[in-house]
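Structure first, then comments.
Letters go in sequence order (proteins before strands), and every chain restarts at 1.
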4 protein chains.
Amino acid sequence: MRREQMIKGAISLFKEKGYHRTTTREIAKASGFSIGTLYEYIRTKEDILYLVCDQIYDEVQEKIKKALHFRHVTKETIKEGLTAYFKIMDDLQDEVLVMYQELKSLPREMLPVVLKKELEMVAIFEDLLKRYFDQNQTNVCDEQIHLYAHNIIVQGQMWGFRRWALRKQYTLEQYTEWQFQQLIRGIDSLGK
Amino acid sequence: MRREQMIKGAISLFKEKGYHRTTTREIAKASGFSIGTLYEYIRTKEDILYLVCDQIYDEVQEKIKKALHFRHVTKETIKEGLTAYFKIMDDLQDEVLVMYQELKSLPREMLPVVLKKELEMVAIFEDLLKRYFDQNQTNVCDEQIHLYAHNIIVQGQMWGFRRWALRKQYTLEQYTEWQFQQLIRGIDSLGK
Amino acid sequence: MRREQMIKGAISLFKEKGYHRTTTREIAKASGFSIGTLYEYIRTKEDILYLVCDQIYDEVQEKIKKALHFRHVTKETIKEGLTAYFKIMDDLQDEVLVMYQELKSLPREMLPVVLKKELEMVAIFEDLLKRYFDQNQTNVCDEQIHLYAHNIIVQGQMWGFRRWALRKQYTLEQYTEWQFQQLIRGIDSLGK
Amino acid sequence: MRREQMIKGAISLFKEKGYHRTTTREIAKASGFSIGTLYEYIRTKEDILYLVCDQIYDEVQEKIKKALHFRHVTKETIKEGLTAYFKIMDDLQDEVLVMYQELKSLPREMLPVVLKKELEMVAIFEDLLKRYFDQNQTNVCDEQIHLYAHNIIVQGQMWGFRRWALRKQYTLEQYTEWQFQQLIRGIDSLGK
DNA sequence: AATGAATGAGGGTTCATTCAT
DNA sequence: AATGAATGAACCCTCATTCAT
């Protein structure tokens with residue numbers, strides 16, 4: 001409970017002013033308890049950053065996994081996957097922005113834990129694409145699929161990072177639609 | 001001259017430890033002059049960040065523009081463009097990393113100046129693609145082209161940001177080759 | 001019972017890290033009860049220091065008194081006295097070290113109580129020497145005896161304080177032997 | 001200059017309230033400059049303690065060495081030596097008190113440096129006694145002399161540490177006189 | 001009687017910025 | 001023009017003490 005308050009408070013502050021400009025006192029206050037109590041839950045300020053990153057990843061992953069459960073994978077499934085993922089990235093754009101911009105402030109030993117989660121997300125789409133190709137009996141090498149998956153993940157993040165540019169030209173729906181078309185055209189031409 | 005020393009010094013320090021962990025003293029020292037003199041050239045520490053971002057953008061753009069000068073645009077030209085751009089992003093990956101991770105630390109009023117430069121880079125590839133479609137007499141709507149250009153730019157940055165994952169699986173050449181194939185397959189199927 | 005646990009716990013912690021570096025939480029834990037309960041027995045952290053000093057003095061005194069019970073005092077008795085005292089100071093050297101180094105942290109009003117006990121210890125040896133001189137019908141002024149007694153006490157403490165130097169050169173037995181010889185030669189020449 | 005101000009300020013504060021209860025801010029203020037400037041001269045608070053201990057030792061040693069320069073050593077010389085040393089310890093009693101009570105707070109790596117100086121002081125009196133015995137053609141083993149020297153040093157410190165007791169009974173002159181008599185009686189009886 | 005969560009004053013330390021020289 | 005000593009606000013973190021349960 002306290003932990004969640006703290007993480008929520010921290011995220012909202014990090015969104016506003018970034019990790020470095022946020023003080024532990026502010027986080028304590030935003031969390032609704034004293035600085036002393038804050039330090040019952042963490043050892044150093046960096047711990048908060050880790051908890052925040054970890055929590056955001058978990059939230060993103062949980063939402064994606066809830067949205068994507070597929071057996072038979074068609075074009076439609078892929079579109080649904082993209083749509084769901086981009087929607088999540090839109091909902092959590094502040095959180096995602098925070099996370100990626102502060103990753104480098106994570107203590108060296110915590111980084112791998114977080115990066116592992118990033119790869120898990122890539123793996124979700126890798127799996128989706130693999131099933132699609134299997135169903136269509138298209139033979140595509142793993143590296144290619146892996147790269148497609150990376151691209152998809154990055155395109156989701158990009159919607160958050162580059163909103164200053166993209167929002168002016170596209171709604172989320174349009175963005176999703178275009179990206180889907182570009183993707184599907186690419187992978188469908190693979191089979192020929 | 002002094003300015004360049006300062007920017008160079010700052011970049012090298014930012015690469016190593018990030019903007020926030022770098023002190024003005026260190027920047028002065030790395031620049032080869034005193035802290036007092038440093039403050040002849042800037043008003044606040046943030047100014048240095050701005051100068052650094054600005055300079056990196058200029059360097060990237062300059063190199064790209066030097067690499068890409070085309071009249072008649074073929075598949076080959078596009079591949080050359082991608083290759084050159086990715087190469088530049090590989091060469092300057094530390095710089096690029098620094099820049100994007102510290103953008104949010106820029107004072108609000110300086111951000112637009114920098115973002116404008118980002119859009120100029122998008123425009124370069126937008127132009128390239130437009131010419132390609134014109135030459136092939138394919139009719140593609142501007143929004144689609146714009147998005148393709150964004151994707152290309154982001155894929156270049158991605159090579160820097162996600163090197164921890166991508167480097168394990170691809171060389172720069174392979175990465176370029178795959179991305180090119182995915183791109184060209186997508187845009188070529190547009191014409192049909 | 002609780003009190004003793006607390007004092008024992010505190011002493012062992014003070015030995016290890018000194019009074020100031022030991023936290024009340026640690027003392028509570030080492031004592032086997034909660035911080036809340038700890039504060040049932042004390043008002044401030046300083047109280048613990050007082051209890052500790054007091055307890056150490058009592059222990060030292062008790063042991064000395066148990067070791068020294070004399071009617072007829074000869075050279076031999078004095079040697080036994082020295083030996084016993086030095087042995088005790090050797091056994092309790094950590095405790096004694098703690099006590100003397102933290103004395104100045106005692107609240108002003110508690111100091112006299114503790115210093116009184118120090119004087120009681122001096123008095124023990126004063127008494128011993130007095131009896132010796134009485135038995136030998138040597139006339140020695142009280143101040144001189146008092147000073148001899150102080151010197152003895154300090155030589156015992158010195159074995160603890162200066163162990164970093166003395167241990168390298170002497171065993172406890174050698175140290176005792178030499179000090180005894182120096183003492184006895186001094187006081188014996190008094191009679192002439 | 002600054003350094004000396006700082007050390008002087010620190011000593012006076014340590015005398016008053018001990019090392020742990022003195023804040024760096026107070027030291028800065030007492031030194032007549034700001035906390036920022038203080039940290040130009042030291043890296044951590046412990047450094048101040050080291051500088052203080054070092055400085056006190058140097059001062060004590062310098063004074064002793066200035067007072068004791070002997071060729072031909074007689075009883076008189078020894079008395080002069082004792083008198084000078086005890087006088088110095090009386091003058092610097094606060095400093096000496098500070099030093100010994102805070103030694104344990106010194107970082108592990110600095111302790112040996114300071115202890116070495118303590119041994120140098122012992123060596124001074126060791127030398128004095130050796131010369132005395134040489135001159136009198138008395139054969140005394142080194143360990144015995146070493147211990148005598150230690151005793152002398154400790155008796156000097158004792159005058160500072162136990163002033164609460166000794167001052168009530170002795171003036172410095174009386175204390176010196178008694179201690180000298182006890183010493184000389186002891187060592188003179190060695191020759192027989 | 002016993003707990004331990006909660007507090008927040010206060011500690012050591014850093015560093016952007018200024019300004020006398 | 002150039003310096004770097006000096007500043008002090010502000011940071012992160014600790015821990016003695018309290019008090020509701």
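- Remark: P of E:dG12 and CG of D:Asp47 are 13 Å apart, rounded to the nearest angstrom.
- A:Lys45 places a side-chain N or O within 3.5 Å of a backbone atom of A:Tyr19 that can act as its donor or acceptor partner.
- Within a 6.0 Å radius of NZ in B:Lys8, other residues, nucleotides and ligands contribute 12 heavy atoms or fewer.
- Not one N or O on the side chain of B:Arg162 forms a donor-acceptor pair closer than 3.5 Å with the backbone of B:Gln157.
- Residues from residues 3-15 of chain C with heavy atoms under 4.0 angstrom of DNA chain F: there are none.
- For E:dA2, one of the phosphate oxygens OP1 or OP2 lies less than 4.0 angstrom from a side-chain nitrogen or oxygen of C:Arg2.
- Counting heavy atoms from C-beta on, the side chains of A:Glu102 and B:Lys104 come closer than 4.5 Å.
- The interatomic distance linking D:His20 (NE2) with F:dA16 (C1') rounds to 15 Å, in whole Å.
- Here the P atom of nucleotide E:dT13 and the CD1 atom of D:Ile27 are 10 Å apart, to the nearest Å.
- We find that CZ of A:Arg21 is positioned 13 Å from P of F:dC12, with the value rounded to whole Å.
- Of the candidate nucleotides F:dC13, E:dT13, E:dT17, E:dT17 has the atom nearest to the side chain of B:Thr24.
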request  = Take B:Glu118 and B:Tyr100 through the side-chain hydrogen bond (donor to acceptor under 3.5 Å, both in side chains) test and state the conclusion after the steps.
outcome  = CA-CA 11 Å; B:Glu118 177 78 17; B:Tyr100 284 103; 2.4 Å; yes

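- The OH-C1' distance, from A:Tyr19 to F:dC11, rounds to 12 Å in whole Å.
- Formation of a donor-acceptor pair under 3.5 Å by the C:Gln101 side chain with backbone atoms of C:Val98 is not found in this model.
- Under the Watson-Crick and G-U wobble criteria, each requiring two contacts below 3.5 Å, nucleotide E:dA1 is left unpaired.
- The CD1 atom of B:Ile48 sits 14.0 Å away from atom CD of B:Gln55, with the distance rounded to the nearest 0.5 Å.
- Judged by distance alone, the side chain of A:Thr37 and the main-chain N or O of A:Phe33 form no donor-acceptor pair under 3.5 Å.
- With hydrogens and angles ignored, a donor-acceptor pair closer than 3.5 Å exists between the side chain of D:Arg25 and the base of E:dG12.
- Looking at residues 31-45 of chain C, you'll see C:Ile35, C:Tyr39, C:Thr44, C:Lys45 sit with a heavy atom under 4.0 Å from some atom of DNA chain F.
- Heavy atoms from other residues, nucleotides or ligands lying under 6.0 Å from NZ of C:Lys29 number 12 at most.
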